[in-house]
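Presented below is the structure to which this report refers.
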Amino acid sequence: MLVYSSGVDVSSSALRFLAARLRERRRTLGTRWRRLSAGRQALLTLAHLRNGQPYAQLAAGFGVGTTTVYRYVNEAVVLLAALAPTLADAVRAASMKAYLILDGTLLPIDRIAADRPFYSGKHKKHGMNVQVIADPKGRLLWASPALAGAVHDVRAAREHGIIDALAEAGITCWADKGYQGAGGTVRLPYRGRWDRLSTGQQSVNRSHAKVRALVEQAIATLKSWRLLRKLRCSTTRITSLVQAVLTLHLASSD
């Protein structure tokens with residue numbers, strides 16, 4: 001395999017954050033020697049998450065075995081996922097915000113037609129449903145554990161306890177028509193054909209769309225980590241990957 005130098009468009013603060021956490025873990029475990037330093041392991045993990053490079057390519061680039069790459073990446077992902085904020089943490093941190101924006105996104109996975117639980121009728125593809133909460137400026141605040149793509153947004157929001165948590169905190173939340181019947185503090189646009197809505201209802205829906213559109217920035221932030229654009233791993237690992245990316249994003253945003 002040919003090897004060449006490449007770059008990772010991630011903030012250096014994310015690298016320092018992850019490297020520091022890995023050093024702490026090694027001290028806790030009493031690790032004396034490894035093939036890669038904590039800094040190199042952190043860079044390896046960032047290259048995998050950000051660029052979506054497979055283990056074989058990373059193994060060639062870092063001069064280690066494919067199995068070693070898997071172990072190092074998995075160790076870092078589990079460590080980062082454990083540091084991700086919970087929904088309660090996110091709601092508490094957003095308590096001073098005027099409102100929040102909620103939306104769901106589908107993370108594509110490599111499944112066949114027989115895997116119906118993962119097929120999203122809305123997106124016409126297989127994937128995992130992840131709920132995203134953004135602040136009024138469209139900044140990513142929280143991402144939920146991943147559910148099968150066939151799960152509708154309103155059901156996913158209920159299962160994660162998002163609606164109840166926002167209602168208890170008294171935080172207004174803007175969402176699209178996929179959350180019909182959510183209740184609580186969730187604000188939705190008027191339903192119906194555009195030409196059948198009154199002038200006032202059309203005006204409300206325009207304003208609602210302008211506010212809600214900013215959540216796309218948060219979703220784009222999540223998917224800027226290219227591994228999440230086409231997942232080829234076990235579906236049981238996807239939640240950990242999402243939580244790891246969330247932790248890195250928040251660490252580099254502070």
Side-chain angles (χ1 to χ4, degrees), residues 9-14 17-18 49-50 80-107 128-147 152-180 182-190 203-229 238-254:
D9 56 339
V10 178
S11 169
S12 59
S13 60
F17 173 83
L18 178 53
L49 295 176
R50 189 68 170 188
L80 288 169
L83 298 173
T86 64
L87 176 60
D89 294 333
V91 171
R92 188 161 48 249
S95 60
M96 300 303 293
K97 304 289 185 182
Y99 58 86
L100 297 178
I101 314 172
L102 172 65
D103 200 2
T105 187
L106 189 80
L107 302 182
M128 301 295 285
N129 181 306
V130 173
Q131 297 295 296
V132 173
I133 294 179
D135 71 5
K137 294 185 178 180
R139 292 175 295 207
L140 176 63
L141 296 180
W142 184 76
S144 75
L147 296 176
H152 294 289
D153 284 339
V154 66
R155 177 185 162 192
R158 287 188 178 126
E159 287 195 21
H160 295 310
I162 298 173
I163 297 170
D164 290 340
L166 294 175
E168 289 176 9
I171 301 176
T172 301
C173 174
W174 297 71
D176 62 21
K177 296 177 182 178
Y179 295 86
Q180 287 292 337
T185 56
V186 179
R187 290 188 177 180
L188 304 172
Y190 287 102
S203 178
V204 168
N205 279 10
R206 287 193 193 95
S207 299
H208 190 282
K210 289 179 181 178
V211 172
R212 188 174 49 78
L214 292 174
V215 76
E216 296 300 330
Q217 296 180 21
I219 293 174
T221 296
L222 193 65
K223 292 187 176 181
S224 66
W225 297 79
R226 297 174 186 87
L227 184 70
L228 300 183
R229 296 180 188 176
I238 294 177
T239 290
S240 294
L241 291 170
V242 171
Q243 298 301 303
V245 166
L246 176 63
T247 299
L248 288 170
H249 167 69
L250 295 177
S252 60
S253 300
D254 291 341

Sequence neighbours excluded, the answer for side-chain hydrogen bond (donor to acceptor under 3.5 Å, both in side chains) partners of Thr105 is Lys223
Could you go through residues 90-102 and list every donor-acceptor pair under 3.5 Å that involves a side-chain atom there, pairing it with any protein atom two or more places apart or in another chain?
from  : atom 1 : to    : atom 2 : distance (Å)
Arg92 : NH2    : Asp89 : OD1    : 2.6
Ser95 : OG     : Arg92 : O      : 2.9

For Ser224, the side-chain contact (heavy atoms from CB on, under 4.5 Å) test, sequence neighbours excluded, returns Arg50
Please tell me if the side chains of Ile162 and Val186 come closer than 4.5 Å, counting only heavy atoms from C-beta onward.
no
Notebook entry, point to check: Judged by atom type as modelled, is there a donor-acceptor pair below 3.5 Å linking the side chain of Thr247 to the main-chain atoms of Leu80?
Noted result: yes
The reported gap from CG in Leu246 to CG in Leu141 (rounded to nearest 0.5 angstrom) is 9.0 Å
Sorted by chain and number, sequence neighbours left out, side-chain contact (heavy atoms from CB on, under 4.5 Å) with Leu227 holds for His48, Leu49, Leu231, Leu241
Contacts of Ser11 meeting side-chain hydrogen bond (donor to acceptor under 3.5 Å, both in side chains) (sequence neighbours excluded), chain-then-number -> Ser13
For residues 208-218, the salt bridge (charged side-chain N to carboxylate O under 4.0 Å, His left out) pairs (sequence neighbours left out) are none
The complete set of side chain to side chain donor-acceptor pair (under 3.5 Å) pairs with one or both residues in residues 129-141, sequence neighbours excluded, reads Asn129-Gln131, Asn129-Asp153, Gln131-Asp153, Gln131-Tyr179, Asp135-Arg139
Residues Pro189 and Ala175: closest non-hydrogen pair is CD-O, 3.4 Å
In terms of heavy-atom contacts, Gly104 and Ile219 come closest through O-CD1, 4.3 Å
CG of Leu248 to CZ of Phe17, rounded to nearest 0.5 Å, is 7.0 Å
Salt bridge (charged side-chain N to carboxylate O under 4.0 Å, His left out) pairs touching residues 156-167, sequence neighbours excluded, are Arg155-Glu159
In short, Ser144 meets Val242 closest at the heavy-atom pair O-CG1, 4.0 Å
Ala84 and Gln243 have their tightest heavy-atom pair at CB-OE1, 3.3 Å
So CD1 of Ile163 and CG of Leu166: to nearest 0.5 Å the spacing works out to 8.0 Å
Contacts of His249 meeting side-chain contact (heavy atoms from CB on, under 4.5 Å) (sequence neighbours excluded), chain-then-number -> Leu140, Thr221, Ser253
All heavy atoms of Ala81 vs all of Ser240, minimum pair found to be CB-O, 3.7 Å
Residues pairing under side chain to side chain donor-acceptor pair (under 3.5 Å) where one sits in residues 169-178, two or more places apart or in two chains, turn out to be none
Determine whether a donor-acceptor pair (N or O, by modelled atom type, separation under 3.5 Å) exists between the side chain of His208 and the backbone of Tyr190.
no
Looking only at heavy atoms, the pair that brings Thr185 and Ile171 closest together is OG1-O, 2.6 Å
Residues passing the side-chain contact (heavy atoms from CB on, under 4.5 Å) test with Ala146, sequence neighbours excluded, are Met128, Val130, Ile238, Thr239
